[in-house]
Amino acid sequence: MCLPPEKASELKQMIHSHLLKMDIHGKIREVLAETIRDDEGSKHRSLSEADFLHALQRRGIVDDVMKDLHFSKVPLHFAHISDETATGVGSEPPKPATYFADKDITQLKKSNTDPSRRSLHLQVLGGKAFLEHLQEPEPLPGQVCSTFTLYLHFRNQRFCSKPVPCACEPDLKEGFLLDIYKDGLGDGSKMVDATTMLSMCDPVHFVLIKTDTSSETTLVSSYFLDWRTVLSSPSGKTCFAVELMGVGSECKVPVGILTVSLELYPPLREPLSSDIISTQKSLERQRTAEKERLFLVYAKQWWREFLEIRPSHQSKMVKIFAQDENGVNRPVCSYVRVLRAGRLLESPRQAARFVSLLAHERVPVVGGGAKQEAWCTLMAFLCRGKGDCEDHATLLCSLLLGFGLDAYVCVGTKAKGVPHAWVLTRGTDGSITFWESLTAHRYLHQAIDPDAPPLTTQPKPSSPYRTVGCVFNHQSFLANCQPSDAVELCVFDFQNSSRWKAMSEDALKSVCAPGSTTSLPPVAPLCAPSLDPAAASNQLELEMRYLVAEHRKDLDLATVWDDHLSYLLSSALSAYETERCTGVSCGNEEFQDAVRRAVPDGHTFKGFPIHFLHRNARRAFATCLRSAFCEEVVCCRGDHVRLAVRVRVFVYPENACAVWLMFACKYWSIL
């Protein structure tokens, strides 16, 4: 095997360091002196190099040198997951997330490990028994196929694997280096001892996502791994199989198995007893079960008192518990957290824009029937990139709380009695604002006074919401006990117990506060975008130009592009996105003035802007052609026809994209 010069020098340096570490020169001097003494005693022949090597082997020096040097047949490849990984803000910023890929993955060595800090090396050694993909053929090289991607979250650190083709035995082979750090301020760089690690009940959250050939994502499994079994391993290593279960109505059905290896670095000098670890887990489960039992008893009593106020309360949408993707019933308050986005989002309105860019999709149901409800954990929602209205509302409420607003999730109905969830914020002046998490629209609420005189001018309803049954956030839950649950008549005075019946904040804190129970999933930080907006815009624009030219060729029309006019469209697209973020329109005058200068006298200008949440050119073009006005622009006929197209991709956290596209044409009008 021929190594490049830099690799050869690196290998020599590694061997040299290893020899110095074991004091090889001192040992050679000892063997040399002993060999010379033996040779002088015999006086029958001169000392040869072979005799000296034989003496080294006899003393075991060669074996000692080679014992700790292991070389795999395939060179190791180390890389940072910079594309889809971000670390959150903790007491100490964790090191960059790292993955390792190698054919002989069991021989991998960790890189970038700090010997003064504790790390957990988690390896996924492959998958099997994904029976849903038993009949899928092997994809040909270059063929587009469905893929699996594995996402991990552990103590404010997020990781992502490479996509692999879906198969019965998917080639999921990845390594992740997880930092284990103390929670105290300034303790992040200190070595964590065994007792501290034993008390860390934070699991490693696995989220498996399937992406089909049209870029649609599906949540396959969401699994919480308790990693503390490695603390009892004498070698600091352990390997086991993880059975992944389905989600929603299939949460009791296995979807596949992953083989997982854990290694603690540096290993514990004195491993813990497995009995101690099992006892700790048992105590945590008992404590959690007792807290949840007491809260359930309290919730039942609170509900009985609520029904005694008015019999019609039975039909109000008061939702105290909700099932997550794994079918676990949890108080709705536990789905909301104070979530700070660091420098990824600049304002509450930008946060609302970001949440609205995550696609809306109802929980898929096999067969007919009523809507199935499943509130996703934050990690599963972000990895999938889409969810139901409840997922959007809880995320938006969490972000608005992080920006210091008094925010609540509202549960009620909109037009035609369709169940819905949205967000409410209360100003210090008593003003009430509704935030629609699916669109980022905001509505100022003004209640109608039913007891006012007939000629009094009443405010007109501005929002699409019809009824509200309850509101909640991370530490409050209030049920609407006003005579009518109509939003237009509702007064959001939460301190008035005759209008809103509140749950005990202490009772909610016992099961919903961070760290209160081991059944609560940890909150994942937002990931910084990895997409280059300029490159993504250029790529999509080139694809659009090709599709337009091909479409016009089918109509026997020539295509001549006006690059200057295309460039001028940028300011309009930027203004559209700014208006969506801030609610303020700006820059339109400059755009109109530039277009007037670019279009000669006697010519006509037409433009068609449209907005998408995806970057699939063919899907977008097919959607555009369904508009008669767009078809009129793209298929323009006339004299001196010049076409223009501009694409702007605005990138937000989690690679959520606002894609603005504008087609335009100018031509000489002939009457």
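These numbers were taken from a predicted model, which means no experiment stands behind them.
- Listed by first and then second residue, the salt bridge (charged side-chain N to carboxylate O under 4.0 Å, His left out) pairs involving residues 487-512 are E305-K501 (not counting sequence neighbours).
- Considering only heavy atoms from C-beta on, F295 comes within 4.5 Å of M503 through its side chain.
- Residues V487 and F434 have side chains in contact (heavy-atom distance under 4.5 Å, counting atoms from C-beta outward).
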Worksheet item: Can Y443 and H441 be said to form a side-chain contact (heavy atoms from CB on, under 4.5 Å), step by step?
Response: CA-CA 7 Å; Y443 308 95; H441 291 164; 3.6 Å; yes

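- Judged purely by distance below 3.5 Å, without hydrogens or angles, the side chains of D212 and T218 never pair a donor atom with an acceptor atom.
- Using a 4.5 Å cut-off on side-chain heavy atoms (C-beta onward), F148 and L208 make contact.
- Checked by atom type, the side-chain pair T518/T288 shows a donor-acceptor distance below 3.5 Å.
- Put simply, the side chain of D388 never gets that close to the backbone of D391: no donor and acceptor are under 3.5 Å apart.
- Salt-bridge check for R155 with D202: passed, with a basic side-chain N closer than 4.0 Å to an acidic carboxylate O.
- For the pair F472/L478, no side-chain contact is recorded, criterion being any heavy-atom separation below 4.5 Å from C-beta on.
- With 3.5 Å as the limit, one finds no donor-acceptor pair spanning the side chains of S278 and D275.
- The side chain to side chain contact (heavy atoms under 4.5 Å, CB included) test with V204 singles out one residue from L225, D226, V260, and that residue is L225.
- Using modelled atom types, one side-chain atom of K291 and one backbone atom of S516 make a donor-acceptor pair closer than 3.5 Å.
- Minimum heavy-atom separation, T217 to K386: O-CE, 2.9 Å.
- Checking side-chain atoms of Q157 against main-chain N and O of D179 turns up a donor-acceptor pair under 3.5 Å.
- Between R293 and E290, at least one side-chain N (NZ, or NE/NH1/NH2) sits under 4.0 Å from a carboxylate O, which counts as a salt bridge.
- Neither side chain, Y652 nor Q350, offers a donor N or O lying under 3.5 Å from an acceptor on the other.
- The distance between the ring centers of W302 and F477 falls below 6.0 angstrom.
- Between H205 and F154, a ring centre-to-centre spacing not shorter than 6.0 Å is recorded.
- Of the inter-residue distances, the one linking I277 atom CD1 with M197 atom CE reads 9.5 Å to the nearest 0.5 angstrom.
- You'll find the ring centres of H153 and F159 outside the 6.0 Å limit.
- At distances below 3.5 Å, not a single donor-acceptor pair connects side-chain atoms of Y408 with backbone N or O atoms of S476.
- Applying the 6.0 Å contact sphere to CD of E579 captures more than 12 heavy atoms from other residues, nucleotides or ligands.
- Residues satisfying the side-chain hydrogen bond (donor to acceptor under 3.5 Å, both in side chains) test with D429, not counting sequence neighbours, are S431.
- At distances below 3.5 Å, at least one donor-acceptor pair connects side-chain atoms of S398 with backbone N or O atoms of R337.
- Atom NE2 in H445 sits 8.5 Å away from atom CG in L424 (nearest 0.5 Å).
- S462 contributes a side-chain N or O that, together with a main-chain N or O of L444, makes up a donor-acceptor pair within less than 3.5 Å.
- Classification of R384 and E361 as a salt-bridged pair holds, one side-chain N sitting under 4.0 Å from a carboxylate O.
- Residues S222 and E325 come closest through the heavy atom pair OG-OE2, 2.8 Å.
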Worksheet item: How far apart are the C-alpha atoms of S282 and Q286, what are their side-chain angles, what is the distance that settles it, and do they pass the side-chain hydrogen bond (donor to acceptor under 3.5 Å, both in side chains) test?
Response: CA-CA 6 Å; S282 177; Q286 290 174 14; 3.2 Å; yes

Fill in: Step-by-step side-chain hydrogen bond (donor to acceptor under 3.5 Å, both in side chains) determination, D406 to T425
CA-CA 5 Å; D406 188 19; T425 54; over 6 Å; no

Discussion item. Between M200 and V192, is the side-chain contact (heavy atoms from CB on, under 4.5 Å) condition met? List the steps.
Written reply: CA-CA 11 Å; M200 290 179 180; V192 184; 3.9 Å; yes

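- Using modelled atom types and a 3.5 Å distance limit, the side chains of R304 and Q301 yield a donor-acceptor pair.
- Between I276 and L198, some side-chain heavy-atom pair lies under the 4.5 Å cut-off.
- Not one N or O on the side chain of S334 forms a donor-acceptor pair closer than 3.5 Å with the backbone of C512.
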Worksheet item: Given F650 and C657, is the side-chain contact (heavy atoms from CB on, under 4.5 Å) satisfied, shown in steps?
Response: CA-CA 6 Å; F650 298 88; C657 292; over 6 Å; no

Fill in: Derivation and outcome, side-chain contact (heavy atoms from CB on, under 4.5 Å), residues F403 and L401
CA-CA 5 Å; F403 278 110; L401 288 168; over 6 Å; no

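- There is a side-chain donor-acceptor pair under 3.5 Å between N496 and S498.
- Contact record, C490 with Q482: SG-NE2, 3.2 Å, taken as the closest heavy-atom pair.
- At least one side-chain heavy atom of P203 sits under 4.5 Å from a side-chain heavy atom of P522.
- Heavy-atom minimum distance, L219 versus A380: CD2-CB, 4.0 Å.
- Side-chain contact between L395 and L382 is present, with heavy atoms from C-beta onward closer than 4.5 Å.
- Using a 3.5 Å distance cut-off with no hydrogens or angles, the side chains of T413 and T467 do pair a donor with an acceptor.
- With sequence neighbours left out, the side-chain hydrogen bond (donor to acceptor under 3.5 Å, both in side chains) criterion links R466 to no other residue.
- Counting only N and O atoms by type, the side chains of E292 and S519 include a donor and acceptor under 3.5 Å apart.
- Side chains of E436 and H392: a donor-acceptor N/O pair is absent below 3.5 angstrom, by distance only.
- In plain terms, the two heavy atoms of N480 and D485 that are nearest each other are ND2-CA, 3.6 Å.
- Checking side-chain atoms of T211 against main-chain N and O of E216 turns up no donor-acceptor pair under 3.5 Å.
- Side-chain atoms of I180 and K182, non-hydrogen and from C-beta on, never get closer than 4.5 Å to each other.
- Ring centers of F224 and F206: at least 6.0 Å apart, outside the cut-off.
- Applying the side-chain hydrogen bond (donor to acceptor under 3.5 Å, both in side chains) test to E284 and every residue at least two apart in sequence or in another chain returns R228, Q280.
- The side-chain hydrogen bond (donor to acceptor under 3.5 Å, both in side chains) search around Q495 returns R426, not counting sequence neighbours.
- Sorted by first and then second residue, the pairs that involve residues 332-351 and meet ring-ring contact (aromatic ring centres under 6.0 Å, His included), not counting sequence neighbours, are Y335-W375.
- In terms of heavy atoms, L258 sits closest to G127 at CD2-CA, 3.9 Å.
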Fill in: Full working for ring pair (Phe, Tyr, Trp, His ring centres under 6.0 Å) between W500 and F492
CA-CA 8 Å; W500 295 91; F492 292 92; 5.6 Å; yes

